[in-house]
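Step one of this worksheet: look at the structure below.
Just follow the structure's listing: the first ligand is 1, and inside any ligand the first atom is 1.
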Amino acid sequence: MRFLLDGAGKLVPCTHCAVVQKWQVRALDSFSSRQGTALTQTFFNFKTSFKGKANDLLATCLEAAEDFAHDPHEKWLIFWGDRGNGKSHLCAAVANHLVSVGTPVLFLTMPDLLAALKQTLDLQANTEQESYSGRMRSFKTAPVLILDDLGAESGSAWADGVMFEILDYRYRNRLPTMIATNVALDEFDPRVASRMQDKALATVIKNSAPDFRKRALSER
Ligand SMILES: Nc1ncnc2c1ncn2[C@@H]1O[C@H](COP(=O)(O)OP(=O)(O)O)[C@@H](O)[C@H]1O
Ligand SMILES: [Mg+2]
């Protein structure tokens, strides 16, 4: 029936049901980063050369993103580095690939995730999926979660708590998670930083390639 009775006798959507997983993703469509130019960003148009020369670092980033997209099971992939070097592009490419093979994926920035939660405090929720706990459940249990711009949020105690709750749940359940950030991992809450650096689960890649936007058009 796509629902389960929880311990308190309340009906909750069964998160293992593929139909429910697709609904949960669709319910958050307005906050998704999979729109506009992100829809055109793929592995094929991610360039691994710079100034006409092959760049090993960009090739490593592309390969790690492709590996994750082809088999995200029990993996975390984390890119960090300066702006403009393709972190969001690769997040979008992974999301686009997963959608193309029918895997439900939530792809959103951390500020948008927080906005989706805050909105539930202002609105009368009509469905479980529109409620705070329903959205939180979607973020925690999404078959694949891609969080862009982690650390770009205000850093309030509430935002830190949300980040920890989601990442801790996904860490404990080995759920596929991709993260892109401009912030060095050690600057995060130490509990989050240590989970992100668990080598048994997470691949962390520092992307120190230069800003693509500043490249001459002839070099792109
Ligand atoms: N290696 C690359 N190949 C092709 N386009 C790239 C590459 N790196 C960045 N871009 C493009 O440059 C712009 C900025 O990249 P983006 O992924 O948003 O950077 P970041 O998220 O790392 O700040 C985007 O339009 C993106 O498609
Ligand atoms: Mg970005």
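Counted by atom type alone, Thr177 and Trp76 present one or more donor-acceptor pairs between their side chains at under 3.5 Å. Under the 3.5 Å distance criterion, with hydrogens and angles disregarded, a donor-acceptor pair is assigned to the side chains of Lys87 and Asn85. For the residue pair Thr109 / Asp112, a side-chain donor-acceptor distance below 3.5 Å is found, with atom types taken as modelled. Side chains of Asp148 and Ser33: a donor-acceptor N/O pair is absent below 3.5 angstrom, by distance only.
A side-chain contact (heavy atoms from CB on, under 4.5 Å) with Lys140 holds for exactly one of Asn173, Leu145, Ile166; it is Ile166.
In this structure, the side chain of Asp160 does not engage the main chain of Asp189 through any donor-acceptor pair within 3.5 Å. The backbone N or O of Thr40 lies less than 3.5 Å from a partner atom in the side chain of Asn45, making a donor-acceptor pair.
For Arg135 and Tyr132, the positive end is not near the middle of the six-membered ring at less than 6.0 Å and at most 45° from its axis.
Annotation: protein N, O or S atoms under 2.8 Å of the Mg ion (ligand 2) (waters excluded) comprise Ser88 OG.
We find that Asp168 and Arg191 are not joined by a salt bridge, their nearest charged nitrogen and carboxylate oxygen being 4.0 Å or further apart.
Closer than 4.0 angstrom to ligand 1 sit non-hydrogen atoms from Gln41, Asn45, Phe46, Lys47, Arg83, Gly84, Asn85, Gly86, Lys87, Ser88, His89, Phe212, Arg213.
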